[in-house]
Amino acid sequence: MKILKIDHLGIAVNNITEGKSFWSDVLGLKFEGSETVEAQKVTTAFFPVGDSEVELLESTSPDGPVAKFIEKKGPGFQHVAFRVENIEEALKELKEKGIQLIDEKPRTGAGGAKIAFLHPKFTGGVLVELCER
Ligand code: ZN
């Protein structure tokens, strides 16, 4: 498996319009617009930082994964995403190493990326996303 870089940090917010004020108004990061990914019941907003990005996540439904996360832990840091060269290969390798996958097969995320999540129980409590663009 080849990890190329940290692609983005995912941050759960109650509301992107409110949530983005810290990232864009205070820190001065450029807001690149938002995108709703219906399959994941989430609206995302990206703020590039050098070669990586900050991704804000707002749930579009009370039963979506981001809404459930906020209900349990409150808003804040939710996941780290690593960009990999070949996501199918990476998932196969992790599975062989005994890591439980939330997504056995990649699905389509924001920006058309291929993404898959690993179970936090097997990563020291951190929700890890792999993505290939
Ligand atoms: Zn993400």
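Just so you know, these numbers come straight off a predicted model, no measurement behind them. For ligands, and for the atoms within them, numbers begin at 1 and follow the listed sequence.
- Partner of Phe47 under the side chain to side chain contact (heavy atoms under 4.5 Å, CB included) criterion, out of Glu55, Glu32, Lys20: Lys20 alone.
- Tally of protein N, O or S atoms closer to the Zn ion (ligand 1) than 2.8 Å: 4.
- Under a hydrophobic-cluster definition in which Ile, Leu, Val, Met, Phe, Trp and Tyr are linked whenever side-chain heavy atoms come within less than 4.5 Å, directly or via other members, Leu9 and Leu130 are assigned to the same cluster.
- Side-chain N or O atoms of Glu129 include none that pairs as donor or acceptor with a backbone N or O of His79 at under 3.5 Å.
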Pairs of donor and acceptor atoms involving the side chains of residues 84-95, under 3.5 Å and at least two apart or interchain, shall be tabulated with distances.
| from | atom 1 | to | atom 2 | distance (Å) |
| --- | --- | --- | --- | --- |
| Asn86 | OD1 | Glu88 | N | 3.2 |
| Asn86 | OD1 | Glu89 | N | 3.0 |
| Glu88 | OE1 | Lys114 | NZ | 3.4 |
| Glu88 | OE2 | Lys114 | NZ | 3.2 |
| Glu93 | OE1 | Met1 | N | 2.5 |
| Glu93 | OE2 | Lys97 | NZ | 2.9 |
| Lys95 | NZ | Glu104 | OE1 | 2.8 |

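- The stretch residues 63-76 participates, sequence neighbours left out, in these side-chain hydrogen bond (donor to acceptor under 3.5 Å, both in side chains) pairs: Lys41-Asp63, Ser61-Asp63.
- Judged as a ring pair (Phe, Tyr, Trp, His ring centres under 6.0 Å), and not counting sequence neighbours, the contacts of Phe46 are His8.
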